[in-house]
Amino acid sequence: IAFIMYRSHTCGELRLADVNKEVTLSGWVQKIRNLGGMTFIDLRDRYGITQLVLDVESRKDLSEEARKLGREFVVQISGKVAERSNKNNKIATGDVEILVDKFVLLNPSELPPFTIEDETDGGDELRMKYRYLDLRRNPVRRNLELRHKLGFEVRNYLNQQNFIETETPVLIKSTPEGARDFIVPSRMNPGEFYALPQSPQVFKQLLMVAGFDRYFQIVKCFRDEDLRADRQPEFTQIDCEMAFVEQQDVLNTFEGMTKHLFKVIKDVEFDFKFPQMSFEDAIRYYGSDKPDVRFDMKFVEMKDMLGECGFKVFDDAEYVGGICAEGCASFTRKDLDKLTDYIRKPQIGAQGLVYVKYNTDGSFKSSVDKFFDEAALTQWVEAYGAKPGDLLLILAGQKTKTQNALCQLRLEMGERLGFRDKNKFAPLWVVDFPLLEWDEEAERYHAMHHPFTSPKKEDLALLETDPGVVRANAYDLVINGVEIGGGSIRIHDDELQHKMFQLLGFTEEEAENQFGFLMNAFKYGAPPHGGVAFGFDRLASLFAGIDSIRDVIAFPKNNSGRDVMIDSPSPIAKEQLDELNIALKKIK
RNA sequence: GGUCUGGUAGUUCAGUUGGUUAGAAUAUCGGCCUGUCACGCCGAGGGUCGCGAGUUCGAGUCUCGUCCAGACCGCCA
């Protein structure tokens with residue numbers, strides 16, 4: 001049988017032991033180095049680079065042919081493996097080269113718009129437009145290989161723990177709670193629409209009612225909200241649910257999964273139980289529900305200590321708090337001015353920054369020397385546990401705003417002091433989230449997590465009297481200040497679920513219309529259950545040590561939710577619109 | 001919806017106080033070169049300074065508008 005054998009080996013596998021073998025390779029021309037009498041070609045595929053040699057003296061014809069090649073041409077070559085006289089220890093195949101005696105041009109290539117190299121000269125926009133070329137580059141390819149491995153190990157681990165991967169529908173039902181839905185018109189049901197799932201939440205709960213016990217799914221979710229570096233309109237979750245569990249069971253299971261992933265993929269071992277911190281403490285000490293605990297630098301609240309102190313900024317403030325930056329007393333006036341500018345940026349919005357330099361000789365220099373004497377400042381540095389050489393940075397103002405600004409300042413200082421090492425990982429469970437959040441605009445409560453989250457038993461009575469302080473059986477896994485996953489123990493009682501909808505301002509009819517199927521299911525023996533969903537893209541970017549999730553997604557969308565490669569979204573034909581019974585208000 | 005930053009050669013960028021022919025690196029093309037691997041040397045081509053208007057004797061540079069991109073705020077149960 002005649003067939004073409006495109007390759008006997010990949011471009012990454014030949015070694016000294018292969019010398020003298022006759023081999024055939026196929027790949028892309030990475031680089032041509034023509035030295036006149038001889039030509040070197042780097043041939044690249046997914047697996048690596050192999051150097052080809054063409055010698056004018058022995059094969060003038062091939063050397064002539066090779067002159068017509070360009071970057072990214074696809075070629076197939078055959079030849080003998082030889083030991084190099086000059087070895088290259090930077091690549092795995094650097095000890096050998098191929099003495100080419102036959103080559104076939106499989107496909108020429110236009111000149112790529114940017115260089116296909118680790119350090120490309122291409123900008124983000126161009127790389128996205130030609131993403132198929134960008135994906136040829138090692139760093140991007142490696143990210144996707146890492147993502148593959150992560151998904152594989154998630155399945156491996158959860159399978160061993162008896163979880164069943166089940167697909168849930170993508171064309172579902174729109175609900176007003178939560179994020180904006182992506183909407184899909186139904187041709188067969190004029191005037192009616194599907195929604196794409198923001199998460200398979202209700203389906204996984206129904207699977208628990210169905211007795212599936214342990215479910216997971218690596219699944220696309222969709223939210224029609226504005227994008228960020230760590231937010232895409234379609235993203236992937238590791239969605240999980242378990243029956244007959246309480247909070248600590250879920251935490252144990254997924255702490256186990258997280259440890260497994262770190263061990264097999266990063267060779268990082270956590271020989272401790274992940275710490276747990278209440279939402280309340282997270283806000284008090286770090287000003288955030290997703291604190292970066294790779295470093296300490298906890299907030300110190302000063303309001304009680306200060307009393308009426310005569311410094312108007314502090315006296316008028318609802319909150320006065322600060323952090324101690326180790327060894328930063330040597331900051332110059334200019335450094336401090338820059339920090340002040342930083343916290344006054346509109347996104348952060350603090351008014352000003354009070355500093356106290358605790359000099360190495362034990363003296364003080366502060367921006368509030370006029371108001372506080374040495375005795376007062378001594379009391380401060382004691383409260384902060386500061387040592388000589390440290391710098392106190394203090395903000396004052398409205399409580400949540402100031403805590404938020406202080407959080408940003410803490411992260412900035414952590415960055416400057418080198419505490420935010422990408423190779424160091426600090427996991428943290430944040431627990432005891434509030435059940436409800438007051439929505440100023442709508443003048444009602446909405447669920448902080450989602451309306452299926454159960455309140456803590458001990459707080460149940462408060463639901464009637466003071467719903468705002470009721471805590472939920474809800475938890476987040478935070479690693480290095482990134483919210484990697486979150487979940488809750490759900491309500492499995494239709495009466496309590498009814499009550500929740502009522503609290504959230506649903507009328508009986510609305511609740512029935514939108515979630516009647518769920519409450520109905522709860523009437524048929526729903527087991528206690530709870531679960532978690534991990535942001536798969538964020539997990540992958542954390543493992544890859546990069547800040548943007550775009551580089552761990554094969555074909556991501558840009559800031560405006562566009563795919564610049566396929567140019568979507570795009571208008572559709574009038575016939576399509578007619579068929580869907582859709583009239584556009586205005587067409588550009 | 002808002003704030004900020006940017007848009008100049010294929011690409012990444014520089015471009016001073018508004019002033020002569022808009023530069024560098026890299027990529028590309030041509031020539032030379034037998035051990036390169038960031039090859040080297042010599043040479044060449046390559047520009048709607050995002051788009052539109054305004055100010056000015058004169059705009060890459062200043063003003064306004066607009067489009068695009070990125071970061072962030074709002075938003076993201």
Side-chain angles (χ1 to χ4, degrees), chain A residues 30-44 49-58 63 67 70-72 82-91 93-94 97 110-130 133 175-181 197-199 201-202 221-233 235 341 345-349 401 404-405 408 433 435-437 439-442 445-453 472 474 483 486 488 500-501 504 506 514-515 533 535 547-548 550 558-560 562 564 588:
Chain A
Q30 173 75 29
K31 186 125 203 172
I32 303 173
R33 290 180 295 278
N34 186 338
L35 275 68
M38 68 192 320
T39 301
F40 298 101
I41 298 174
D42 288 342
L43 192 68
R44 185 199 73 234
I49 284 180
T50 300
Q51 177 165 282
L52 316 177
V53 194
L54 298 162
D55 188 353
V56 161
E57 231 166 71
S58 51
S63 297
R67 289 193 78 87
R71 275 163 51 198
E72 301 306 311
E83 181 172 0
R84 291 202 201 184
S85 52
N86 284 351
K87 297 190 169 58
N88 181 349
N89 59 15
K90 286 181 202 154
I91 57 174
T93 62
E97 61 194 1
E110 295 215 347
L111 187 68
F114 52 87
T115 55
I116 314 294
E117 284 162 14
D118 290 8
E119 298 287 330
T120 182
D121 63 2
D124 286 346
E125 197 181 351
L126 203 61
R127 288 172 42 214
M128 289 309 153
K129 184 163 179 189
Y130 298 90
L133 297 181
T175 54
E177 279 279 306
R180 230 175 257 118
D181 286 317
Q198 300 172 26
S199 101
Q201 182 60 36
V202 290
C221 301
F222 306 86
R223 289 175 192 176
D224 187 8
E225 297 293 346
D226 284 10
L227 280 64
R228 291 284 189 282
D230 63 348
R231 262 165 38 192
Q232 286 270 304
F235 60 100
D341 286 346
K345 283 197 303 188
Q347 286 89 340
I348 297 178
K401 261 188 132 173
N404 184 49
Q408 303 288 332
F433 279 84
L435 182 69
L436 304 165
E437 212 172 14
D439 185 335
E440 292 286 348
E441 233 172 88
Y445 284 107
H446 69 237
M448 188 148 185
H449 189 49
H450 55 54
F452 317 111
T453 299
E483 184 193 328
S488 63
M500 266 301 285
F501 285 134
L504 296 170
F506 283 68
Q514 286 168 33
F515 298 110
D547 293 326
S548 169
R550 288 180 200 173
N558 76 3
N559 229 12
S560 340
R562 298 199 68 86
V564 292
K588 262 200 269 188

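Residue numbers start from 1 in every chain, and the chains themselves are labelled A, B, ... in the order their sequence lines are given, proteins ahead of strands. Given the structure is predicted, the values throughout are model-derived calculations rather than measurements. Worth knowing before you read on, the calculation uses all heavy atoms, side chains too, and leaves out hydrogens, waters and symmetry mates.
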> So does A:Arg180 reach the base of B:rG74 with its side chain, donor to acceptor, closer than 3.5 Å?
Replying inline: no

Measure all distances between protein nitrogen or oxygen atoms and nitrogen or oxygen atoms of nucleotides 3-8 of chain B, and list the pairs falling under 3.5 Å.
from, atom 1, to, atom 2, distance (Å)
B:rU3, O2, A:Gln347, NE2, 3.2

>> Once side-chain contact (heavy atoms from CB on, under 4.5 Å) is applied, do any residues pair with A:Pro451, and if so which ones, sequence neighbours excluded?
In response: A:Glu177, A:Ala447, A:Phe501, A:Leu504

> Which one is paired to B:rA71, where only Watson-Crick or G-U wobble pairs with both distances under 3.5 angstrom count?
Replying inline: B:rU3

> When you compare B:rC29 with B:rG46, how far apart are their C1' atoms, in angstrom units rounded to a whole number?
Replying inline: 10 Å

>> From C-beta outward on A:Glu225, which listed nucleotide comes closest to its side chain: B:rA27, B:rC76, B:rG70?
In response: B:rC76

>> Once you apply a heavy-atom cut-off of 4.0 Å, does A:Ile49 come out as touching a base, just sugar-phosphate, or nothing?
In response: nothing

> What residues, two or more places apart in sequence or in another chain, satisfy ring-ring contact (aromatic ring centres under 6.0 Å, His included) together with A:His450?
Replying inline: A:Phe452

>> Going by the rule salt bridge (Lys or Arg N to Asp or Glu O under 4.0 Å), which residues pair with A:Asp547 if we only count those two or more places apart in sequence or in a different chain?
In response: A:Lys422

> How would you list, by chain and number, every residue that makes a side-chain contact (heavy atoms from CB on, under 4.5 Å) with A:Thr39, sequence neighbours excluded?
Replying inline: A:Ile32, A:Asn34, A:Ile41, A:Leu54

> What does A:Pro113 touch in the nucleic acid at a heavy-atom separation under 4.0 angstrom: a base, only the sugar-phosphate, or nothing?
Replying inline: sugar-phosphate

Give every pair of a protein N or O atom and an N or O atom of nucleotides 44-47 of chain B that lie under 3.5 Å apart, one pair per line with the distance.
none

Pick out the pairs of N or O atoms, protein on one side and nucleotides 35-37 of chain B on the other, that lie under 3.5 Å.
from, atom 1, to, atom 2, distance (Å)
B:rG35, O3', A:Asn86, ND2, 3.1
B:rG35, O2', A:Asn86, ND2, 2.6
B:rG35, N1, A:Glu97, OE2, 2.8
B:rG35, N2, A:Glu97, OE1, 2.5
B:rG35, N2, A:Glu97, OE2, 3.1
B:rU36, OP2, A:Asn86, ND2, 2.7
B:rU36, O2', A:Arg33, NE, 3.4
B:rU36, O2, A:Arg33, NE, 2.7
B:rU36, O2, A:Arg33, NH2, 3.1
B:rU36, O2, A:Gln51, OE1, 3.4
B:rU36, N3, A:Gln51, OE1, 2.9
B:rU36, N3, A:Gln51, NE2, 3.0
B:rU36, O4, A:Gln51, NE2, 2.8
B:rU36, O4, A:Arg84, NH1, 3.4
B:rC37, O4', A:Arg33, NE, 3.1
B:rC37, O2, A:Arg84, NH1, 3.1
B:rC37, O2, A:Asn88, ND2, 3.0
B:rC37, N3, A:Arg84, NH1, 2.8
B:rC37, N4, A:Asn86, O, 2.9

>> Using only modelled atom types and a 3.5 angstrom limit, is any donor from either the side chain of A:Asn558 or the base of B:rG70 paired with an acceptor on the other?
In response: no

>> Going by salt bridge (Lys or Arg N to Asp or Glu O under 4.0 Å), name the residues that satisfy it together with A:Glu125, two or more places apart in sequence or in a different chain.
In response: none

> Within this structure, what is the CE-to-P distance between A:Met128 and B:rC68, rounded to whole angstrom?
Replying inline: 18 Å

>> Would you measure the distance from the C1' atom in B:rA38 across to the matching atom in B:rU26 and give it in whole Å?
In response: 11 Å

> Distance between the P atoms of B:rA14 and B:rC64, in whole angstroms?
Replying inline: 22 Å

Acceptor/donor pairs from residues 110-117 of chain A side chains to any protein atom, 3.5 angstrom cut, sequence neighbours excluded:
from, atom 1, to, atom 2, distance (Å)
A:Thr115, OG1, A:Asp121, N, 3.3
A:Thr115, OG1, A:Asp121, OD1, 3.4

>> If you count every heavy atom of other residues, nucleotides or ligands that lies below 6.0 Å from A:Arg33 atom CZ, does the total exceed 12?
In response: yes

>> Please determine whether salt bridge (charged side-chain N to carboxylate O under 4.0 Å, His left out) holds for the pair A:Arg44 and A:Glu72, giving the CA-CA distance in whole Å, both sets of side-chain angles, and the decisive distance to 0.1 Å.
In response: CA-CA 9 Å; A:Arg44 185 199 73 234; A:Glu72 301 306 311; 2.9 Å; yes

> Closer to the 5' end of RNA chain B via nearest nucleotide, is it A:Asp55 or A:Gln201?
Replying inline: A:Asp55

>> Of the options B:rC73, B:rA71, B:rA27, whose atoms approach the side-chain atoms of A:Arg228 most closely?
In response: B:rC73

> Who pairs with A:Glu483 by side-chain contact (heavy atoms from CB on, under 4.5 Å), at least two apart in sequence or on another chain?
Replying inline: A:Lys290, A:Asp476, A:Arg538

> Just checking A:Glu437: base, sugar-phosphate only, or nothing, at a heavy-atom cut-off of under 4.0 Å?
Replying inline: nothing

>> Counting the atoms with a prime plus P, OP1 and OP2 as sugar-phosphate, which does A:Lys345 contact under 4.0 Å by heavy atoms, base, sugar-phosphate, or nothing?
In response: nothing

> Quantified in whole Å, what is the C1' atom distance between nucleotide B:rC49 and nucleotide B:rA59?
Replying inline: 11 Å

>> Measuring to OP1 and OP2 of B:rA69, would you say a side-chain N or O of A:Asn559 lies under 4.0 angstrom away?
In response: no

> Base, sugar-phosphate, or nothing for A:Asp124, non-hydrogen atoms under 4.0 angstrom?
Replying inline: nothing

> Hey, does A:Ser560 reach any base, or is it just sugar-phosphate, or nothing, if we go heavy atoms under 4.0 Å?
Replying inline: sugar-phosphate

> By side-chain contact (heavy atoms from CB on, under 4.5 Å), which residues pair with A:Asp124, not counting sequence neighbours?
Replying inline: A:Arg127

> Side-chain donor or acceptor of A:Arg231 under 3.5 Å from a matching atom on the base of B:rC76?
Replying inline: yes

>> What's the closest nucleotide to the side chain of A:Arg71 if the choices are B:rG31, B:rU28, B:rG74?
In response: B:rU28

> Listed by chain and number, what are the salt bridge (Lys or Arg N to Asp or Glu O under 4.0 Å) partners of A:Arg71, not counting sequence neighbours?
Replying inline: none

> How is A:Arg550 classified with respect to the nucleic acid when contacts are heavy atoms under 4.0 Å: base, sugar-phosphate, or nothing?
Replying inline: sugar-phosphate

